[in-house]
Amino acid sequence: MPDFQFIALKSNGQRETGMLSAGSRGEALSLLGRKGLRPTKLSEAGDVSIAKEIKKVRRSGDEEEATLNRSELLYFTEDIADLLDSGLQLEPALAVLERRQQNSRVQTITRTLRTYVRDGGSFSKALRAASTSFSELYCNMAEAGEISGTLPQILRRQAAYLHALNELQSKVISSLMYPAVLVVVGFLLLIVFVTVLIPNLLTLFEKTGAAMPFLTRALFWFSGMAVGYWWLWVSIALCAALGFWAYVRTPKGLSWWHRNQLKIPLLGGVLKERAFTQMTFTLGTLITNGIPLLKGIELMNRANPNIYFQRQFRDIHTMVEEGGSLSLALQKRDIMPGTLVDMIAIGEQTGRLGETLLKVSQRQERLLIQSIERLTAIVQPVVIIVIAGLVGVVAYAVFSGIFQTISGLQTKAGG
């Protein structure tokens, strides 16, 4: 039964896009009519022109699309896997989930999925049509489960994958939260010193007419520049930030940033470990669920947010497609540690590449946690030392100026 993509108008004039399965174009039109939709575009799935127009409609915001955050997506996946494991078929399972869901967004998406499945569409195609919350990786995993008859198990593993990503992100954020707070507090403290405390002291010193030490004069000059020309420094910082933002939005700039952020001392190592953990876990999950290696590399690469790694793995995909092994391709591109590549080579030789990649991802996760702990252990004292140093310099400059002023006044009084 062919699939049709459509753009249709609702009764309120709002546009809706999607996909449905029908025996013919006439049957597709009839199905849309029964749903209360008036189609403006209808063609078989795969038509490039309507696909582009659907993307324009969604980008323009003319279609109200429900989206799920990562936690909602995880709960949806776990719930539908539980219902399928209990023996329910897909359409009744979606109906049960729709009835018991209190979250309106999950309920809306579930209703859309159930409509597509009830009309004869596959679950993977329904996911693609229902919401952009379901990534290409998610949809392809569901398709593999439908073909192999292991959809509940695939969804269970997908839930585990989403849960692992949530945990990984939470660990990174929680570990870097304290250093970030220290930096913000130190910056605010410095602003108070420069804009409030030092100008008041300058007024006091000027009334005495006493000479001030060089460090004190330099501090007052810096405070005067900061207070008197704050609009200039804010403008410079704002222009620099906007310029950087505009540059990294270009393909060349984004590629440069994604590559060079991996070279940042300490932080770059954490970003690499995080990328290696996610890539090996994703590819291992795909291969163990029956996805061929080349297709797995392609899907894994789509889920990779780093443009630099995406380009590297496109070359690796080409090498493997030409008959090379994954480990040899990784070795040639030199983007992963040698130990990791050696373990992948062993997995290829033993025919257990998927299981080996999952074990590698567990090892990489442990290394990632160690890297985060090491980064946190180093950053915290460094931030404290820097803040203490700045406060100490300011305090020394202020007190040395006070002592010299007092000494000058005592000398005048004695004379």
Could you go through the side-chain contact (heavy atoms from CB on, under 4.5 Å) check for Q364 and F281 one step at a time?
CA-CA 9 Å; Q364 288 301 128; F281 184 80; over 6 Å; no
Pairwise side-chain contact, L271 with N306, heavy-atom cut-off 4.5 Å (strictly under)
no
Do the side chain of T277 and the main chain of E273 share a donor and acceptor less than 3.5 angstrom apart?
yes
How close do P152 and D85 get, heavy atom to heavy atom, and via which atoms?
CB-OD1, 3.2 Å
Tell me, please, which residues at least two apart from R114 pass side chain to side chain contact (heavy atoms under 4.5 Å, CB included).
E91, L94, A95, E98, R118
Could you check if a side-chain atom of L367 sits within less than 4.5 angstrom of a side-chain atom of R363, using non-hydrogen atoms only?
yes
Is any side-chain heavy atom of K252 closer than 4.5 Å to a side-chain heavy atom of W256?
no
Is it true that a side-chain atom of H317 and a backbone atom of E298 form a donor plus acceptor pair closer than 3.5 Å?
no
Do the non-hydrogen side-chain atoms of L73 and F134 ever get within less than 4.5 Å of each other?
yes
What is the minimum heavy-atom distance between G284 and L357, and which atoms define it?
CA-CB, 3.7 Å
Taking side chain as C-beta onward, heavy atoms only, is L113 less than 4.5 Å from F76?
yes
Passes side-chain contact (heavy atoms from CB on, under 4.5 Å), E355 versus L358? Steps please.
CA-CA 5 Å; E355 293 84 347; L358 290 176; 5.7 Å; no
Using a cut-off of 6.0 Å, state whether more than 12 heavy atoms not belonging to R333 lie near its atom CZ.
yes
CG-CG distance between L84 and L88, expressed to the nearest 0.5 angstrom:
7.5 Å
Nearest heavy-atom contact between S255 and R311 is OG-NH1, 3.1 Å
What distance separates N301 CG from I316 CD1, expressed to the nearest 0.5 Å?
8.5 Å
Are more than 12 heavy atoms, taken from residues, nucleotides or ligands other than Q89, located less than 6.0 Å from that residue's CD atom?
no
Compare every heavy atom of L155 with every heavy atom of A81, then report the nearest pair and how far apart it is.
CB-CB, 3.9 Å
Separation between CD1 of I109 and CZ of R111, rounded to the nearest 0.5 Å
11.0 Å
For the backbone of K359 and the side chain of Q362, can you confirm whether one donor and one acceptor N or O come within less than 3.5 Å of each other?
no
For the backbone of Y247 and the side chain of T250, can you confirm whether one donor and one acceptor N or O come within less than 3.5 Å of each other?
yes
Please determine whether the number of non-hydrogen atoms from other residues, nucleotides or ligands lying under 6.0 Å from atom CZ of R352 exceeds 12.
no
Distance (rounded to the nearest 0.5 Å) between R314 CZ and F309 CZ:
13.5 Å
Chi angles and distances behind the side-chain contact (heavy atoms from CB on, under 4.5 Å) call for I335, Y308:
CA-CA 10 Å; I335 60 173; Y308 169 70; 4.1 Å; yes
Could you tell me which residues satisfy side chain to side chain contact (heavy atoms under 4.5 Å, CB included) with S235, sequence neighbours excluded, listed by chain and number?
none
Spatial distance of atom OH (Y138) from atom OG1 (T77) [nearest 0.5 Å]
2.5 Å
Using the benzene-type ring in the case of Trp, are the ring centres of W257 and F244 under 6.0 Å apart?
yes
Backbone N or O of L326 within a donor-acceptor pair of the E348 side chain at under 3.5 Å?
yes
Please round to the nearest 0.5 Å and tell me the distance separating atom CG of L151 and atom CD1 of I80.
8.0 Å
Of all the heavy-atom pairs spanning L127 and C139, show the shortest one and how long it is.
CB-SG, 3.8 Å
Side-chain heavy-atom pair M279, L283 within 4.5 angstrom cut-off:
no
Check against side-chain contact (heavy atoms from CB on, under 4.5 Å), I344 and L353
CA-CA 7 Å; I344 292 175; L353 180 59; 3.8 Å; yes
When every non-hydrogen atom of V320 is compared with those of A329, the smallest separation belongs to CG2-CB, 4.3 Å
